[in-house]
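Counting starts at 1 for both ligands and their atoms, following the listed order. The figures here come from the full heavy-atom set of this structure, side chains too, leaving out hydrogens, waters and symmetry mates. This chain uses plain numbering: 1 for the first residue, then up along the sequence.
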Amino acid sequence: FPVERIRNFSIIAHVDHGKSTLADRLLEITGTIPKGDNNQVLDRLPVERERGITVKAQTASLIYKYKDQEYLLNLIDTPGHVDFHYEVSRSLAACHGVILLVDANQGVQAQTVANFYLAFEAELTIIPVINKIDLKNAQPDVVADQIHNLFDIDKKDILKISAKQGIGIEEVLAAVIERIPCPKHDRKKPLKAFVFDSWYDRYKGVVAHLAIYDGFMKTGDRITCASNGKTYELIEVGVMYPTQVPSGFLYAGQVGYAMMNMRNTNEAKIGDTFYHENIPVEALPGFKDATPMVFAGMFPSEQSEFPQMRSAIEKLTLNDRSVQIKIDNSPALGQGYRLGFLGLLHMDVFNQRLQQEFDASVIVTAPNVAFKVKIIGEKNIKHYGSNEITVLNPCLMPIPEIITEYREPMVDATVITPASYMASITQLCLDHRGRIKDQSYIDDTRVLIQVKFPLAEILVDFFDELKSLSSGYASFDYQDAGYEISDLVKLDFTLNGREVEELTMICHVSRARETARRVCEKLKNTIPRQQFVITVQGKVNQKVIAREDIKAYRKDVTAKCYGGDITRKMKLLKNQAEGKKKLRLIGNVEIPKDAFIKILKR
Ligand code: GDP
Ligand code: MG
């Protein structure tokens with residue numbers, strides 16, 4: 001295919017607006033997959049099939065005949081959820097245009113807005129498409145108004161389709177060919193290949209997704225990685241059609257995959273440039289590192305499984321560059337990791353992928369955000385290495401006496417809701433320490449609200465509350481908005497006066513009492529009674545702000561044995577000793593490991 005007959009594009013949309021379904025239709029109509037019961041064929045991961053969401057961007061090459069010419073269309077399916085913006089912006093680097101899909105019933109949603117701006121800022125051609133026009137309650141004209149009002153898009157440029165019923169799919173392909181520019185690449189120049197995705201395949205080793213900018217490459221070529229100078233032999237080169245089909249070569253303008261004799265999972269860095277051995281070219285600018293927003297501990301359920309978990313985490317992070325990893329230790333859970341994620345769903349999905357794709361069973365602790373503090377005192381500054389520190393683990397927060405300023409991460413959020421829910425949603429935002437920045441109508445019945453929130457406030461249950469308040473109609477999206485000065489306190493928990501390090505948390509002063517009460521109650525309900533009273537306390541600066549007592553209980557396990565049977569008695573005592581191995585002792589209070597896990601988990 002000459003470059004003029006290649007189009008690289010992507011489909012972007014709010015979650016559930018039909019990206020994967022449209023991708024199915026495009027694959028069918030171009031004969032890439034047979035017609036029939038195709039359901040989101042590009043969602044290949046088990047976690048994607050189970051949850052019905054796309055997590056990884058996927059690519060597929062299509063061949064389509066238009067006005068007697070064959071075109072090569074490289075489609076990149078992208079995830080829509082806020083946590084995966086990183087994936088979206090990455091795929092966009094390999095594209096020249098996007099299909100912006102909007103549900104004809106739901107209309108423009110929070111992530112539609114966010115995705116539009118990602119494409120707009122990347123200066124890509126945007127093809128607006130209203131999907132699901134077959135629905136009984138479809139309002140394509142209202143939605144067209146929204147698109148026009150919000151994005152200043154001419155209404156006559158908007159296509160109206162049903163991905164499910166296959167209506168208007170040819171028009172979509174025609175628009176892709178007519179409106180999206182072809183790649184501006186030169187095949188005569190030396191090879192310049194850009195890695196926009198890579199992952200570890202259990203059987204094939206490291207697989208890289210490449211966009212060829214200049215030149216061409218073929219199986220057997222020796223290529224060098226610009227960032228580490230290492231040279232590899234191309235073992236297999238091909239296109240995604242829609243699964244890996246070896247083609248032997250890839251030309252400028254094409255998108256495909258490559259396997260090389262790469263042993264170490266850390267070698268194929270996303271954002272790297274490859275060139276032919278001894279013919280170096282200037283590397284393309286790599287990707288900005290993603291900024292993790294949410295941190296949590298991850299530990300193996302059995303300490304002996306740590307090496308297994310480590311190798312699983314290493315392989316998975318090759319495929320997901322946005323995860324930050326650090327070794328961590330916990331007195332109760334042993335050696336593990338402290339991981340940084342882009343959001344909660346991201347964290348859940350990572351956890352699920354660990355289990356499903358690598359058979360690793362892990363314990364995940366409650367998530368927290370990263371706080372920043374300024375400290376005084378020459379000795380302290382020397383000890384911490386700076387007068388400004390970022391605290392990822394609440395236990396490592398310096399003492400309040402030396403802190404002059406606390407700061408917490410903020411987000412700029414967008415909520416789109418039917419106007420009838422506006423009052424209760426405004427209240428919900430205020431309850432979560434949100435500051436309303438702006439409100440505007442996007443059509444007669446829907447409102448777009450812009451709110452600034454502390455990230456910590458929307459981490460756990462904000463989204464669920466928003467959904468239930470609005471009967472599922474409100475949508476929500478947010479992006480990083482830097483740090484702001486805040487009034488924070490460190491919350492400690494003690495059992496009979498001994499501190500439980502793992503439970504230490506940092507929260508806003510207005511939240512301290514309520515949080516302390518909740519955790520004390522949880523402790524009371526999960527720690528089994530013992531032969532003495534256990535006092536559970538929540539404290540701020542040594543001052544008790546919440547308390548619960550766990551009553552004493554005399555546990556005489558041998559009582560049931562009626563004296564006589566000595567072997568049974570021995571067996572019971574043995575069982576009890578086995579159980580003790582799984583305990584964490586705090587002072588003289590014994591906490592079974594599983595109770596600990598219950599408390600630490602969300
Ligand atoms: P994605 O999250 O954007 O990838 O959305 P999916 O392609 O997974 O679609 C979400 C849901 O909408 C699925 O249940 C689809 O069957 C349904 N859907 C997609 N397109 C249409 C359409 O044109 N009409 C109707 N009625 N349903 C559709
Ligand atoms: Mg999808």
For ligand 1, which atoms, with element, lie under 4.0 Å from some heavy atom of [X]?
X      : value
Asp134 : 22 (C), 23 (O), 24 (N), 25 (C), 26 (N)
Ser162 : 22 (C), 23 (O), 24 (N)
Asp16  : 1 (P), 2 (O), 3 (O), 5 (O), 10 (C), 12 (O)

Hey, is [X] close enough to [Y] for a salt bridge, meaning N to O under 4.0 Å?
X      : Y      : result
Asp141 : Lys160 : yes
Lys155 : Asp145 : yes
Glu170 : Arg25  : no
Arg7   : Glu178 : no
Glu70  : Lys65  : no

Among Thr21, Ile12, Ile161, the residue with a heavy atom nearest to atom 15 (C) of ligand 1 is Thr21
The option among Lys136, Lys132, Gln111, Arg25 carrying the non-hydrogen atom nearest to atom 18 (N) of ligand 1 is Lys132
With heavy atoms and a 4.0 Å threshold, my read on which part of Lys19 contacts ligand 1 is both
The answer for which part of Leu22 has a heavy atom under 4.0 Å from ligand 1 is neither
For ligand 1 and [X], I'd like to know whether there is a polar contact (N/O to N/O, distance under 3.5 Å).
X      : answer
Ala13  : no
Gln165 : no
Leu135 : no

| query | Okay, side chain of His432, backbone of Glu457: is any donor-acceptor separation there less than 3.5 Å? | reply | yes
Tyr64 and Leu73 have their tightest heavy-atom pair at CB-CD1, 4.0 Å
